[in-house]
Enquirer: 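Have a look at this one before I ask anything.
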Amino acid sequence: MPPSLPPDVARALRDIVGAANFLTDADLTATYAVDWTGRFRGATPAVVRPGNTAEIAAVVSVCAAEAVALVPQGGRTGLVGGSVPLAGEVVISTHRLSTVEPVDDTAGQLTAEAGAPVASVQHAAFAAGWMYGIDFAARDSASIGGTIATNAGGLHLLRYGGTRHQLLGVEAVLGDGSVVSHLGGLMKDNTGYDLAGLLCGSEGTLGIVTRARLRLHPPAPARVVAMVGFTSVALALVAAGALRRSLPSLEACELVLAPGLELVARVSGHRPPFEAIPPAALVVGCAGLLDSTDELAAAVDALDGVVDVAVAEERARRAELWHWREGHTEAIGTLGAPHKLDVTLPAATLVEFLERVTGAVTAVAGTAQVWLFGHAADGNVHVNVTGVEPDDERVDDAVLRLVAGLGGSISAEHGIGTAKRRWLTLNRSPEELAAFRAIKSALDPAGILNPNVLLP
């Protein structure tokens, strides 16, 4: 059971947000205490749902004065337990901060509140003749604040970069309740520390982002998607590098493997668009002002090891091809709560990792199944492990140590959260961790902001 709040703190928080947005009933708070996978479950004495920056600042001030820990929470699509109250923290939800302001057409920017779903920003940009560079399968649920907290990458990182590259300014509440706001959106602003860049990827440990100024990009209405099957994983990865060099219109290049394709087919009741499921396939997306179908065809023709190709230009058909990549998460979820290990490898060791990781897992957990897919052209692999208990960290240890030994990062875009915090020392030196702690102490002097994530 979570600890109860002191009555005076409960009254103060209720007065700030109103009784309707101060939830203490266990039936109501339960949905805020579990992550999307179901692997991480906690409990909270209260869920507080502020409606604006001033209310968030007031909530943080009260909690800082009383040493009450807070877990910031957005769309609850996190995969590493980073927004789950595992130690009885109060949840502070940004759900009500959902406004997307009108597009600044001259600057090609917009300002959005932290609780706005990514899809809402995409739709606002599209309606104004622009596009937003971040996209992934959870677009309808994942919040802008959550993507900033984890520096989310997604499907189009190759073309537009991760969330940090889209971020031109933030408004945030720091750990003492003070508000920093720098939303001018200047393309060049060399006036000291980049607080937006610092908060991006900090997983809510330094401040609670309330609004963000976001960079938009020119539209790319002419789109084509190809799903290309290969005789081996190694040749598929060689092809990903070749496509980056030969396709100026390349927007996405995603790797899927035969076991995952078979699982998605079994769950969806459909078959992949190939005569036979190949060992590996790339889902390749191109976009621009002009049709790039011929350019894509020429690039694919030059690749080695291709056994089959499916191409789609019409929107519905493109979505069907994308389902073979985006459907992995849902299909894997039907097998029970997975261990989701989002990692990045150098190009030189990526093939070796893919060849060794399943054996590394089954060596410590013989009943485990390993599902591999991800962003092939930037080295990001999503390692999903099913058939083991949620708290069995032997598989996590085996995978993350293999990653670090091959020169990779234990987190590419999901963050460290609770799931990986004890392994952060594999990638960060004592000196770096000391610097992290010094920054946290400066911005969150009472240590109340998400105190049980990220730092070991």
Enquirer: Checking D104 side chain against A107 main chain: does a donor-acceptor pair fall under 3.5 Å?
Expert: yes
Enquirer: Flag yes if more than 12 heavy atoms outside E389 fall under 6.0 Å of its CD atom; otherwise flag no.
Expert: no
Enquirer: At their closest point, which heavy atom of Q109 faces which heavy atom of G184, and how far apart are they?
Expert: OE1-O, 4.4 Å
Enquirer: Distance check, rounded to the nearest 0.5 Å: K420 atom NZ versus S409 atom OG?
Expert: 7.5 Å
Enquirer: Counting N and O atoms only, with roles assigned by atom type, does the side chain of D308 sit under 3.5 Å from a partner on the main chain of E275, one being a donor and the other an acceptor?
Expert: yes
Enquirer: Report the relative orientation of the aromatic rings in H414 and H382; use parallel for angles under 30°, tilted for 30 to 60°, perpendicular for over 60°.
Expert: parallel
Enquirer: Keeping R325 on the side-chain end and V256 on the backbone end, is there a donor-acceptor pair under 3.5 Å?
Expert: no
Enquirer: How many angstroms lie between atom CD of E295 and atom SG of C286, to the nearest 0.5 angstrom?
Expert: 6.5 Å
Enquirer: Taking the side chain as every heavy atom from C-beta outward, state whether L158 and E251 have any atom pair closer than 4.5 Å.
Expert: no
Enquirer: Side chains of P72 and T94: closer than 4.5 Å at any heavy-atom pair?
Expert: no
Enquirer: Going from NE2 on H328 to CG on L261, what distance comes out if it is rounded to the nearest 0.5 angstrom?
Expert: 5.5 Å
Enquirer: Does the side-chain contact (heavy atoms from CB on, under 4.5 Å) test come out yes or no for V238 and D304, once each step is laid out?
Expert: CA-CA 9 Å; V238 170; D304 293 329; over 6 Å; no
Enquirer: Counting only heavy atoms from other residues, nucleotides and ligands, does the tally under 6.0 Å from CG of L290 exceed 12?
Expert: no
Enquirer: Provide the closest heavy-atom pair for P219 versus G129 in the form atom of the first, atom of the second, distance.
Expert: CD-O, 3.2 Å
Enquirer: Mind checking what makes salt bridge (charged side-chain N to carboxylate O under 4.0 Å, His left out) contact with D392, not counting sequence neighbours?
Expert: R394
Enquirer: Does L255 reach the side chain of L354, with side-chain heavy atoms less than 4.5 Å apart?
Expert: yes
Enquirer: Would the distance check show the side chain of R223 and the main-chain N or O of A287 forming a donor-acceptor pair, the cut-off being under 3.5 Å?
Expert: no
Enquirer: Surrounding NE2 of H182 (heavy atoms of other residues, nucleotides or ligands, distance under 6.0 Å), is the total greater than 12?
Expert: no
Enquirer: Under a plain distance cut-off of 3.5 Å, with no hydrogens placed, do Q73 and H95 share a side-chain donor-acceptor pair?
Expert: no
Enquirer: Begin from the C-alpha positions of Y32 and R49 and carry the test side-chain contact (heavy atoms from CB on, under 4.5 Å) through to its verdict.
Expert: CA-CA 11 Å; Y32 295 84; R49 303 188 301 190; 3.4 Å; yes
Enquirer: Is it true that atom CD of E330 has more than 12 heavy atoms of other residues, nucleotides or ligands lying nearer than 6.0 Å?
Expert: no
Enquirer: Flag the pair W423 / I416 as yes when at least one side-chain heavy-atom distance between them is below 4.5 Å, and no otherwise.
Expert: no
Enquirer: Do R428 and P456 come close enough that some side-chain heavy atom pair is under 4.5 Å?
Expert: no
Enquirer: Give the minimum heavy-atom separation between L282 and A236, together with the two atoms involved.
Expert: CD1-O, 3.4 Å
Enquirer: Tell me the closest heavy-atom pair linking I134 and G161, and the distance in Å.
Expert: CD1-O, 3.7 Å
Enquirer: Just by distance, do the side chain of E352 and the backbone of T349 share a donor-acceptor pair under 3.5 Å?
Expert: no
Enquirer: Among V361, V395, L257, find the residue that satisfies the side-chain contact (heavy atoms from CB on, under 4.5 Å) test when tested with V370.
Expert: V361
Enquirer: Indicate the atoms forming the closest heavy-atom contact of A281 with M227, along with that distance.
Expert: CB-CE, 4.4 Å
Enquirer: My understanding is that only one of T329, T358, N384, T386 makes a side-chain hydrogen bond (donor to acceptor under 3.5 Å, both in side chains) with W371; could you say which?
Expert: T386
Enquirer: For salt bridge (charged side-chain N to carboxylate O under 4.0 Å, His left out), just list the numbers for R422 and D396, CA-CA rounded to whole Å, side-chain angles, deciding distance to a tenth of an Å, and then say yes or no.
Expert: CA-CA 11 Å; R422 78 178 179 93; D396 305 64; over 6 Å; no
Enquirer: Could you give the distance from CZ (R244) to OG (S246), rounded to the nearest 0.5 Å?
Expert: 11.5 Å
Enquirer: Here's a test for you: under side-chain contact (heavy atoms from CB on, under 4.5 Å), which of N151, V118, I144, L157 qualifies with T163?
Expert: N151
Enquirer: I'd like to check I92 versus V71 (side-chain heavy atoms, cut-off strictly below 4.5 Å). Are they in contact?
Expert: no
Enquirer: Does F126 have more than 12 heavy atoms from other residues, nucleotides or ligands lying within 6.0 Å of its CZ?
Expert: no
Enquirer: Any side-chain heavy atom of T205 sitting closer than 4.5 Å to one from L449?
Expert: no
Enquirer: If you measure from the Lys or Arg side-chain nitrogens to the Asp or Glu carboxylate oxygens, is any gap between R159 and D135 under 4.0 Å?
Expert: no
Enquirer: If I take atom CD from residue E413 and atom CG from residue D342, how far apart are they, to the nearest 0.5 angstrom?
Expert: 5.0 Å
Enquirer: Short question: side chain of T344, backbone of G408 - any donor-acceptor pair under 3.5 Å?
Expert: no
Enquirer: So, the side chain of T367 versus the backbone of G387: is there a donor-acceptor pair under 3.5 Å, distance only?
Expert: yes
Enquirer: Please confirm whether the backbone N or O of V48 pairs with a side-chain atom of N21, one donor and one acceptor, at under 3.5 Å?
Expert: no
Enquirer: Quick check on R317: does its CZ atom have over 12 non-hydrogen neighbours (other residues, nucleotides or ligands) under 6.0 Å away?
Expert: yes
Enquirer: May I have the step-by-step check of side-chain contact (heavy atoms from CB on, under 4.5 Å) for V84 and T418, ending in yes or no?
Expert: CA-CA 9 Å; V84 180; T418 296; over 6 Å; no
Enquirer: Return yes when atom NE2 of H165 has more than 12 non-hydrogen atoms of other residues, nucleotides or ligands closer than 6.0 Å, and no otherwise.
Expert: no
Enquirer: Applying side-chain contact (heavy atoms from CB on, under 4.5 Å) between V284 and each of V224, L250, V225, L321, report the one that passes.
Expert: L250
Enquirer: V381 versus V357: any side-chain heavy-atom pair under 4.5 Å?
Expert: no
Enquirer: Can you tell me if R318 uses its side chain to pair, donor with acceptor, with the backbone of E313 under 3.5 Å?
Expert: yes
Enquirer: Apply the test side-chain contact (heavy atoms from CB on, under 4.5 Å) to residues T210 and V173: give CA-CA distance (whole Å), side-chain angles for both, the deciding distance (0.1 Å), then the verdict.
Expert: CA-CA 7 Å; T210 57; V173 177; 4.1 Å; yes
Enquirer: Grab the two heavy atoms, one from P273 and one from W324, that are nearest each other, plus how far apart they are.
Expert: CD-NE1, 3.7 Å
Enquirer: If we ignore hydrogens and angles and just use 3.5 Å, is the side chain of R356 paired with the main-chain N or O of F353 as donor and acceptor?
Expert: no
Enquirer: Please report the interatomic distance CZ(R213) to OG1(T111), rounded to the nearest 0.5 Å.
Expert: 4.0 Å
